[in-house]
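Below is one structure; the comments refer to it alone.
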Protein chains: 2
Amino acid sequence: MKTPATFYHAGCPVCVDAERQIAEALDPNRYEVELVHLGEHADRIAAAEAAGVKSVPALVINGAPFHINFGAPMSALKS
Amino acid sequence: MKTPATFYHAGCPVCVDAERQIAEALDPNRYEVELVHLGEHADRIAAAEAAGVKSVPALVINGAPFHINFGAPMSALKS
């Protein structure tokens, strides 16, 4: 049985990037990844909060919440 | 060729947990994950900073830095 992993986001660009990079990087053989847009599915907010989610984007793996903050690379500021 | 992913940490318990959960969750078929303890390998700090790492634990995937903040589940506070 695969480990449940839920990626909560709100559709902002930084979330979309984190989603692509982190959520899709998980091993599909071991993790069942679900992507939840809390802006479109407000009914999922309570469950996210119950899992310890304080902000988005966040990844809940097997019940443990990890908040992900994308830091823009310096190179992105120099263009 | 696998995508490089570097997990920077400093040996704190929260880092060790994030390391186990996130770094080891990446698909080994697509990512070449390296774990770097910046407390023991200070010579790697400059490269981490150059990649945009502001705090640990952080995961740099293909050059993009993601800062990971572990939020303790409420259940852990109720024992």
Side-chain angles (χ1 to χ4, degrees), chain A residues 1-9 12-36 38 45-79, chain B residues 1-9 12-36 38 45-79:
Chain A
M1 191 172 134
K2 295 182 183 179
T3 299
T6 308
F7 187 84
Y8 293 104
H9 67 104
C12 56
V14 64
C15 298
V16 171
D17 189 84
E19 175 180 320
R20 193 185 312 120
Q21 294 279 354
I22 304 282
E24 295 185 1
L26 299 188
D27 185 353
N29 291 320
R30 292 179 290 147
Y31 296 88
E32 187 70 49
V33 181
E34 183 187 13
L35 306 179
V36 177
L38 289 179
I45 292 177
E49 288 183 328
V53 173
K54 304 295 186 190
S55 61
V56 289
L59 182 66
V60 174
I61 296 183
N62 206 21
F66 295 92
H67 297 92
I68 300 168
N69 298 106
F70 176 69
M74 289 302 110
S75 60
L77 305 174
K78 296 176 181 174
S79 61
Chain B
M1 192 171 134
K2 295 182 183 180
T3 299
T6 307
F7 187 83
Y8 293 104
H9 67 105
C12 56
V14 65
C15 299
V16 170
D17 189 84
E19 174 180 320
R20 194 185 311 121
Q21 294 279 355
I22 304 284
E24 294 185 1
L26 298 189
D27 185 354
N29 291 321
R30 292 179 291 145
Y31 295 89
E32 186 71 47
V33 181
E34 181 186 16
L35 305 179
V36 176
L38 288 179
I45 292 178
E49 288 184 327
V53 173
K54 304 294 186 190
S55 60
V56 289
L59 182 66
V60 174
I61 298 183
N62 207 20
F66 294 92
H67 298 92
I68 300 168
N69 299 107
F70 176 68
M74 290 300 110
S75 59
L77 305 173
K78 296 175 181 174
S79 60

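Every chain is numbered from 1 and lettered A, B, ... according to where its sequence line falls, protein lines coming before strand lines.
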| query | Given the rule in the side-chain contact (heavy atoms from CB on, under 4.5 Å) test, do B:I22 and A:I68 qualify, once you have shown the distances and angles that lead to the verdict? | reply | CA-CA 11 Å; B:I22 304 284; A:I68 300 168; 5.7 Å; no
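The side chain to side chain contact (heavy atoms under 4.5 Å, CB included) with B:Q21 is formed by just one residue from the set A:T3, A:L59, A:I61; it is A:I61.
With rounding to the nearest 0.5 angstrom, the CG atom of A:D27 is 9.0 Å from the CG atom of B:L26.
For the pair B:E24 and A:R30, the tightest heavy-atom approach, listed with the atom from each and the gap, is O-NH2, 2.7 Å.
For B:E32, there are no salt bridge (Lys or Arg N to Asp or Glu O under 4.0 Å) partners, not counting sequence neighbours.
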